[in-house]
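Structure record follows, encoded as structure tokens.
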Amino acid sequence: MLSKHEQDDTQIAPLYGSRAMVAPIPKWTLAEGEMAPDAAYQIIHDDLTLNGNPLLNLASFVTTWMDPQARDLMMEAMPVNFVDAPEYPQTAELERRCVSIIADLFNADATGETAVGTSTVGSSEAVMLAGLALKWNWRTRRAAQGKPADKPNIVTGSNVQVVWDKLARYFDIELRCVDMTHERTVIGVPEAKALIDENTIAVVGILGSTYTGEFEPIQELDAMLQALNKETGWDVPLHVDAASGGFVAPFAYPDLIWDFRLPTVKSINVSGHKYGLVYPGVGWAIWRSREELPDDLLFHDAYLGEDQITFNLNFSKASNQVVGQYYNFLRLGREGYTRIMQGLLETSAHIADAAEASGHFNVISAKDALPLVTVTLKSDEHYTCHDLSDKLRERGWIIPAYPLPPKADDVSCLRVVVREGFSRDMADRLMEDVLRAVNALNARPPAAPKRVRHTRKAQAVC
Ligand SMILES: *Cc1c(COP(=O)(O)O)cnc(C)c1O
């Protein structure tokens, strides 16, 4: 039985007058007693206000704004475990519809085959799955030729996202990277060709480099591979890492040919939580046909009452992201996505023009690519990109500074990713603050300008 004072404390005391708000809370071990839900909510809510503000986080590609109706639907889906397809057949149905819609956006109908795919937690899981399928298919080809299959490699640019380093390390694949130069910040086709041999499980083309937003020359990579395969009798496929660009290109650049229309493109990954416009985490892995999926990697189970096939690294996961993805497809349609992508590109072009006009920056991102702006400093004698990034953080803006990929990494850049929810007006506020920060740094240069070199562990193999 609680004493009168204790009852008052949990039931009627002013929230910030309650003991929970005054006494220390256990941080690293489980609390002995209970706490009123309002107090627990408020303590954690207040703690989280020390996070950066997602609206001002121009570092991330990941969605920070959705329609309130999408939020409602996603909250309703919270108790539903995605993997329980027999119990929740309608959620599974929404995934099938999403896969079909995305395969269609990637022009899978051009192949005359039926594309297959799965939802994932993000592009990282999708890359792991695609990489495993590529490795298995290569092994099968090698076995058919009676040749060893113990030294697989994969060819990418040194601008790949860290997930490709992970894939290589986790699954014993040698990562062969085409180095960047100051003039070429995407993969070079002849340079990639030179790294390919009979043990190459795939070449990766990136639709939307994380560093500069540029689209890699996918069509040229495909042409090179077609010719090389013909000449050598190999069967080296192309995988497209369209994590960012997969939901930009079909709407903003419908004439760009980068997808299943190209015969060597066997699989594509895309992040639903980037320009698919869904809160994290959802991604998609799509294969041009069922034949690209080795049976060996598909698992059957019947724990949940019916035979079901899965190809995922996780078992249980949330279903709200798949629901959110389908909401966007239904709500926006081709017109809605096109309008949003065009708007984001207009805003990023506006920022690029303002940066150029300021006289302080070189814009190294392209306008016909992802809606982002990457700049280098015209002169970094007195301060560096890293100093400017720190200075902008004082106003709440999160704008990352980082070195370009190996071996262009003696140059650092700043990147602004434009996402849905970032208006032209906010872009103007941003540029005012950038100029204010530049003036402050020029007036009072830091004693020791901050410099950072590339830290990618895999650099040794690149
Ligand atoms: C973001 C990104 C990834 C990783 O995707 P997640 O969805 O965050 O797991 C992989 N490749 C590229 C090119 C990316 O931009």
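Values below: every heavy atom of this structure, side chains too, minus hydrogens, waters and symmetry copies. All values reported here derive from a predicted model rather than from experimental measurement. Start at 1 and go down the list; that is how both ligands and their atoms are numbered.
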- Item | Subset of ligand 1 atoms that lie under 4.0 Å from at least one heavy atom of Q161 | 2 (C), 3 (C), 4 (C), 10 (C), 11 (N), 12 (C), 14 (C)
- Which residue and heavy atom of the protein sit nearest atom 6 (P) of ligand 1, plus the separation: S123 N, 3.5 Å
- Min over K274, K166, H273, E216 of heavy-atom distance to atom 7 (O) of ligand 1 lands on H273
- Message: Salt bridge or not between D387 and K450? Use side-chain N to carboxylate O under 4.0 Å.
- Response: no
- State whether the number of non-hydrogen atoms from other residues, nucleotides or ligands found under 6.0 Å of R290 atom CZ is greater than 12. yes
- Query: Going by distance only, is there an N or O of W164 that falls short of 3.5 Å from an N or O of ligand 1?
  - Reply: no
- Message: Within the 4.0 Å heavy-atom shell around S244, which atoms of ligand 1 are there?
- Response: 15 (O)
- Task: Please work out which of the three classes, parallel, tilted or perpendicular, describes the rings of F215 and Y253, given edges at 30° and 60°.
- Result: perpendicular
- If you measure from atom 9 (O) of ligand 1 to every heavy atom of A243, G122, S124, which option wins on shortest distance? S124
- How are the rings of W397 and F422 set relative to one another: parallel (under 30°), tilted (30 to 60°) or perpendicular (over 60°)? perpendicular
- Message: Heavy-atom count check: over 12 atoms from other residues, nucleotides or ligands less than 6.0 Å from Y41 OH?
- Response: no
- Atoms of ligand 1 less than 4.0 Å from S271 heavy atoms? 5 (O), 6 (P), 7 (O)
- Query: Taking atom CH2 of W65 and atom CG of L55, what is their separation to the nearest 0.5 Å?
  - Reply: 12.0 Å
- Task: Any chance you could measure I218, atom CD1, to D259, atom CG, to the nearest 0.5 Å?
- Result: 10.0 Å
- Task: Provide the number and element of each atom of ligand 1 under 4.0 Å from a heavy atom of I206.
- Result: 13 (C)
- Carefully, step by step, assess R97 and E93 under the rule salt bridge (Lys or Arg N to Asp or Glu O under 4.0 Å). CA-CA 6 Å; R97 291 185 200 173; E93 163 73 10; 2.9 Å; yes
- Query: At the 4.0 Å heavy-atom cut-off, does G283 count as touching ligand 1?
  - Reply: no
- Numbered atoms of ligand 1 (with element) below 4.0 Å of V163, judged on heavy atoms: 10 (C)
- Query: To the nearest 0.1 Å, how far is atom 13 (C) of ligand 1 from its closest protein heavy atom, and which atom is that?
  - Reply: D241 OD2, 3.3 Å
